Structures are given as C-alpha cells and as structure tokens.
Amino acid sequence: MAAVRAPPEVFLREATQRKLRRFSELRGKPVAAGEFWDIVAITAADEKQELAYKQQLSVKLKRKELPLGVRYHVFVDPAGAKIGNGGSTLCALQCLEKLYGDKWTSFTILLIHSGGYSQRLPNASALGKIFTALPLGNPIYQMLELKLAMYIDFPSHMNPGILVTCADDIELYSIGESEFIRFDKPGFTALAHPSSLTVGTTHGVFVLDPVDYLEHRDLEYRSCYRFLHKPSIEKMYQFNAVCRPGDFCQQDFVGGDTAHLKLDSDFVYTDSLFYMDHASAKKLLAFYEKIGTLNCEIDAYGDFLQALGPGATVEYTRNTSNVTKEESELIDMRQRIFHLLKGTSLNVVVLNNSKFYHIGTTEEYMFHFTSDSSLKSELGLQSIIFSIFPDTSECSDKTSCILQSILDSRCSLAPGSVVEYSRLEPDVTVGENCIISGSYIITKAALPAYSFVCSLSLKMNGCLKYSTMAFGVQDDLKKNVKTLSDVKLLRFFGVCFLSCLDIWNLEVTEELFSGNKTCLSLWTARIFPVCSSLSDSVTTSVRMLNAIQNKSTFSLNSYKLLSIEEMLIYKDIEDMIAYREQIFLEISLNKKQFDLRIS
C-alpha cells in the first residue's frame with residue numbers, strides 16, 4: 001500500500017522552521033567561508049535613511065543578532081531625481097566596484113532594496129522597511145533577519161553574483177530534502193511561484209518554455225521565453241503565460257499571496273527575487289558609468305527582466321501605464337537597457353510548493369500579524385513577543401500583537417491591533433485594528449478603532465522635540481490633488497479633509513502643505529503638532545483623532561505643525577533608537593528577575 005503523502009503546507013512549515021533554526025544557530029557567530037553571504041547590502045533613498053540603517057546595523061552587530069564576519073553595507077542613492085530600485089541596483093554595483101575593485105566579482109552578494117519612504121506603512125518610514133519588527137525570534141527578528149533566514153541555503157549553491165530582493169516581502173518554499181536551489185547559470189535566474197491570475201496583474205509573470213512531462217514537481221528548472229510586468233489577464237492569455245491544471249496531473253498547490261489555488265483554476269507563475277551573474281552585473285555597471293547621471297525611475301523587475309528571454313520585444317518600453325511619474329527620459333532609457341540586455345537568458349526556478357507574502361501596507365501588516373493563521377503557522381509567529389504584558393490583563397486576546405512593548409495590566413487592547421516599541425499606562429483603551437508605534441501614552445486615552453499612531457523624535461534648532469502622526473489605517477497618504485480647491489477630495493479618517501480642517505480650526509492655504517505645491521496630500525499636510533515630550537505628543541495627536549470621531553472642536557492654531565514629509569527631515573534617529581533600547585533593557589531586566597523567581 002502506498003504511503004500517504006503529507007499535505008503541501010506541512011512540508012512548507014517544516015522547511016521554513018528548519019531555515020529559521022539554522023539561521024538562529026549562526027546569529028552572533030563568525031561564519032565559515034562559503035557558509036553565508038560575502039556581502040549583505042541594503043539600499044537607502046537619502047543620507048538620513050543611510051545613517052538610520054547604519055546605526056541599526058551597528059546595534060544588531062553589537063548585540064550579536066546577525067552572523068559575524070560578513071561585510072554589511074548601506075548604499076545610498078545619489079541626491080537628485082528618484083531613480084527607482086533599478087537605479088539603486090546600478091548605483092550599488094558602482095559602490096561595490098569602488099570599494100572592492102575587481103575583487104567583488106568573486107563574491108556572493110545579497111542586495112536588499114529598502115530605499116522607499118513607506119507611505120503605505122508609515123511606521124516603517126523613519127527607520128526603514130527592512131527594520132520592520134516581526135512577532136518572531138529571540139532577540140526579536142526584524143525583516144532583515146527573516147530575509148537572511150529564508151535565504152540561508154542560497155550562498156553555498158550560488159556562483160559569484162548578486163541576488164536582488166525587496167525589503168517588504170517574504171518568500172517561503174519547500175523542496176525535496178536532497179534538493180537545493182542553484183543559482184549557477186549564466187544571465188539572470190528568478191524564482192517563480194504559482195499564483196492566481198488576479199495576483200498576476202500586480203506582479204511580474206513568466207511565460208515559460210513548454211515542458212514534456214505531465215506532473216509538477218516541488219522544484220523545477222525552466223527557461224523563460226519572455227517576462228510580462230503587471231500584465232492584464234487578457235495579456236496573460238494572449239502571450240501563453242496561463243497554465244491550466246488539466247495540462248498536468250492533479251496535485252495540490254499551496255499558492256501565492258496567501259490565496260490557495262483551486263485545482264480547477266487557471267494560474268500563472270509570478271516573480272519575487274532574482275539573481276544575476278557577474279558578467280551581467282558588469283555589463284549593467286559599464287552602462288551606468290557611461291550614462292553618468294540617471295534622471296528617471298528604473299524598475300529592476302519591469303525594466304531589467306522584460307528585456308530578457310528570446311521572446312522579449314521592445315514594445316514594453318513605451319508602456320507607461322504602471323509608472324507613477326513619467327519622465328521624458330524614461331522611454332529612451334528603457335530602450336537602451338533593452339538593447340543592452342537583449343539576448344541574455346532568463347532562467348526560472350519554479351517553486352510549486354511556495355508562498356509569497358507582501359507586508360508593505362497597514363492592512364497587510366495587521367492581517368498577517370493578527371489574523372493570518374497560515375503565516376502564523378508557517379513562521380511560528382507569536383501574539384506577544386519580548387514584552388511586559390501581565391497575564392492578568394484583560395488585553396491578552398490572542399488576535400492582537402505586541403512587539404517589544406511595555407503595557408500596564410489595566411490597559412485594554414482590542415483584537416486586530418498591533419503595538420510595537422511602545423509603553424501604554426493604565427486607563428489606555430485601544431480599539432480594534434489599530435497600529436501603535438514608538439509611542440508613550442501616560443494619561444487616560446481612548447484610541448478609536450482603525451487608528452494609526454506613530455511617534456517620531458525630532459531635532460529642531462538643536463532641541464529635542466516630538467511629533468506623532470495619527471490618522472486612519474485605511475487613509476491613502478499617497479493620494480494627491482493639484483490645487484487647493486481640490487483638497488476636499490482628500491479623506492482623513494474616513495472624513496472629508498476640509499471638514500477635519502474646520503474641526504482643527506485650520507485654513508486651506510498654500511502654507512498648509514509642505515514641498516511641491518502642485519502635489520497636495522495627507523503626506524504633505526502640516527497638521528501634526530510638535531511637542532516637548534513624547535507623551536504630550538501622543539496625547540495631542542490622539543485628541544485630534546477623537547475630535548474627528550466625536551465631531552467636536554480641537555484647535556491646532558497654537559501649535560507648531562509639521563507634515564509627515566517634514567517629520568522625516570527632522571527625525572532624530574539616535575533618540576528613537578535610544579528609546580527602543582531603553583524598552584529593550586527594561587524588558588530584559590524584567591525577564592531576568594522573573595527567571596530568578598521561578599528557578
């Protein structure tokens with residue numbers, strides 16, 4: 001009688017836990033040659049972000065939270081126009097060349113793009129998406145540690161080259177015990193995950209060369225005819241990217257982006273990370289040094305990968321429907337990249353038992369940390385991690401999430417909410433589906449459901465100040481209007497922004513917004529008070545939210561007001577890291593005392 005095969009999700013969970021254990025064993029220890037990455041590089045958008053990343057890396061290495069003996073670098077984009085993650089990749093290659101000369105051509109390099117301002121998950125804006133805390137590990141993991149853990153097997157089965165990934169996604173996969181993912185072919189090699197057609201419209205989609213076997217395996221090495229970037233469902237069918245389950249034997253798929261694929265559903269293979277060998281990297285570097293300055297946003301996926309494979313054509317270079325800002329140079333630059341890379345092979349590692357998770361928005365962040373049983377099971381996520389949070393508290397609901405925070409036993413935390421790096425004293429009530437980050441709430445306070453509250457330390461005229469951004473978790477901070485008369489189209493906490501300004505006794509003038517006066521948004525609205533203490537800052541901003549909820553007046557006229565854009569300019573990185581460190585030490589001391597009591 002044939003042995004019963006365990007469900008795919010069991011293998012996925014076991015493979016993930018093995019990687020986490022192996023990484024845990026390497027934390028704080030020198031790694032042997034070939035055992036880990038030679039270089040781990042993180043990209044930053046500007047010098048402020050570069051400084052924040054370097055300081056956080058320094059803290060991690062000091063605490064022995066990362067493998068030692070590895071070269072950790074932060075590469076900052078040049079000042080001027082935004083250059084996208086493709087431009088950041090080119091810039092990083094140039095930095096490697098300057099630092100190491102020809103030596104870098106013998107290194108295995110992990111390049112993590114973390115240069116955005118995280119407008120859809122602003123608690124990651126000040127200190128970076130790659131340093132987003134996770135309810136996992138001891139000491140607590142951030143996205144950086146998880147990336148390093150999930151890729152733990154790659155360096156020893158990889159030719160010298162560069163693996164390119166983003167800071168806000170998680171790739172989980174399971175393959176046979178005796179199998180390894182190899183990055184050893186010339187050109188580019190990308191991972192591919194089975195996904196629904198809907199997911200394919202927001203990702204890159206591979207058009208794979210046909211195969212002559214009838215059964216999917218967990219790991220398949222395929223060649224790619226062409227790559228489509230965020231195609232419509234119609235285009236997926238038109239270019240033969242769609243796979244039909246009837247073409248293969250009946251087999252379960254775990255699926256991508258948390259949605260399980262049905263056996264009777266058509267599906268596509270979508271992208272996540274990719275590898276390029278050093279010959280391809282050197283070609284791109286020579287191109288970058290020849291053009292000198294880049295004045296448009298290049299996408300590492302859309303603009304590099306679409307040029308690859310025998311079926312690639314130049315048409316995509318003129319498609320700007322997925323571009324947020326169309327620069328005059330963009331089409332010309334895309335065409336030059338296409339001709340540079342044309343003829344380069346695109347190899348695809350198909351992972352049929354895999355998942356791709358994105359944690360780049362407030363809603364994704366709350367869902368995955370509080371409600372998503374799949375990710376919780378696969379990664380071993382916890383509801384409460386490295387926090388002081390008495391069991392007697394009524395806020396011990398398992399569907400809330402508390403990370404490195406100190407909560408009084410008399411506070412109340414509703415399901416679906418996430419609290420990180422914060423202190424909540426008695427008489428604090430937090431509604432459902434809230435995010436609280438870097439805050440200190442002393443006085444009686446009630447946060448309405450779906451509130452977002454994140455505090456920043458500021459350095460203004462040499463003085464330490466504080467400001468707390470507060471809005472609704474579903475607010476669109478990126479939505480912008482061109483004129484003051486259109487400000488009424490913006491919505492804050494679900495309410496017309498004009499009505500909010502009336503409640504706060506603020507007038508609609510050009511001075512209300514920072515930065516570009518033809519691009520007005522909640523991101524650039526000067527509505528957040530500057531205060532002398534962290535607790536006052538949080539209390540004041542929570543009162544702003546309460547006034548909107550209760551339709552009562554709360555005048556902001558007497559305060560110095562900043563936009564989120566300005567808060568990030570004035571941010572005091574040292575003080576924010578020191579505040580997290582203070583909480584860390586207090587929790588560590590508390591745990592030691594507890595361990596002594598029970599021993």
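Throughout, numbering of the chain's residues begins at 1 and tracks the sequence. All values reported here derive from a predicted model rather than from experimental measurement. Atom set for the values below is all heavy atoms of this structure, side chains included, hydrogens, waters and symmetry mates excluded.
Between the side chains of Asp572 and Tyr466, no donor N or O sits under 3.5 Å from an acceptor N or O. The closest side-chain donor-acceptor pair between Ser457 and Asp575 falls under 3.5 angstrom. Judged purely by distance below 3.5 Å, without hydrogens or angles, the side chains of Ser514 and Glu565 pair a donor atom with an acceptor atom. Ser537 and Ser467 form no side-chain donor-acceptor contact under 3.5 Å, judged by distance and modelled atom types alone. Between Glu420 and Ser437, the side chains place a donor N or O and an acceptor N or O closer than 3.5 Å (distance only, hydrogens not considered). Using modelled atom types and a 3.5 Å distance limit, the side chains of Glu364 and Tyr357 yield no donor-acceptor pair. With 3.5 Å as the limit, one finds a donor-acceptor pair spanning the side chains of Thr165 and Lys147. Thr105 and His278 share no donor-acceptor pair across their side chains, judged by distance under 3.5 Å alone. Side-chain contact annotation: His113 with Thr89, donor-acceptor N/O pair under 3.5 Å present.
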Q) Can you check side chain to side chain contact (heavy atoms under 4.5 Å, CB included) on Tyr365 and His358, steps first, answer last? A) CA-CA 9 Å; Tyr365 176 84; His358 188 255; over 6 Å; no
Q: Verify side chain to side chain contact (heavy atoms under 4.5 Å, CB included) between Glu97 and Leu285, making sure each step is shown before the conclusion.
A: CA-CA 9 Å; Glu97 181 91 357; Leu285 174 60; 3.5 Å; yes
Q | side chain to side chain contact (heavy atoms under 4.5 Å, CB included) assessment of Glu145 paired with Leu66 | A | CA-CA 7 Å; Glu145 285 90 336; Leu66 298 173; 4.1 Å; yes
Q) Is there a ring-ring contact (aromatic ring centres under 6.0 Å, His included) between Phe274 and Tyr301 once you walk through the steps? A) CA-CA 9 Å; Phe274 68 85; Tyr301 295 83; 5.3 Å; yes
Q) Checking ring-ring contact (aromatic ring centres under 6.0 Å, His included) for the pair Phe471/Phe452: CA distance, chi angles, key distance, verdict? A) CA-CA 5 Å; Phe471 43 86; Phe452 179 99; 4.7 Å; yes
Q: Determine, step by step, whether Tyr100 and His73 satisfy the ring-ring contact (aromatic ring centres under 6.0 Å, His included) criterion, reporting the C-alpha distance in whole Å, the side-chain angles of both residues, the deciding distance to 0.1 Å, and the verdict.
A: CA-CA 12 Å; Tyr100 298 105; His73 292 295; 5.7 Å; yes
Q. Can you check side chain to side chain contact (heavy atoms under 4.5 Å, CB included) on Trp37 and Leu148, steps first, answer last?
A. CA-CA 9 Å; Trp37 302 98; Leu148 297 177; 4.3 Å; yes
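The pair Arg21-Glu25 does not meet the salt-bridge criterion, since no charged nitrogen lies less than 4.0 angstrom from a carboxylate oxygen. For the pair Lys355 and Glu171, the salt-bridge criterion is not met [side-chain N within less than 4.0 Å of a carboxylate O]. We find that Glu35 and Lys29 are not joined by a salt bridge, their nearest charged nitrogen and carboxylate oxygen being 4.0 Å or further apart.
Using the six-membered ring where Trp is involved, Phe497 and Phe492 have ring planes that are tilted, between 30° and 60° apart.
Within a 6.0 Å sphere centred on OH of Tyr570, heavy atoms belonging to other residues, nucleotides or ligands number 12 at most. Within 6.0 Å of NZ in Lys517 there are more than 12 heavy atoms belonging to other residues, nucleotides or ligands.
When side chains are defined from C-beta on, Leu456 does not count as touching Thr468, because their heavy atoms never get closer than 4.5 Å.
Pairs passing the ring-ring contact (aromatic ring centres under 6.0 Å, His included) check and including a residue from residues 515-534, sequence neighbours excluded, do not occur.
In terms of heavy-atom proximity, Gly34 sits nearest to Ser156 at O-CB, 3.6 Å.
With rounding to the nearest 0.5 Å, the separation of OG in Ser532 from NZ in Lys465 is 3.5 Å.
You'll find the ring centres of Phe154 and Tyr275 outside the 6.0 Å limit.
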Ignoring hydrogens and angles, write down the donor-acceptor pairs under 3.5 Å from the side chains of residues 133-144, residues two or more places apart or on other chains.
unit_1 : atom_1 : unit_2 : atom_2 : d
Gln142 : OE1    : Lys60  : NZ     : 2.7
Gln142 : NE2    : Phe131 : O      : 3.1
Gln142 : NE2    : Tyr421 : OH     : 2.9

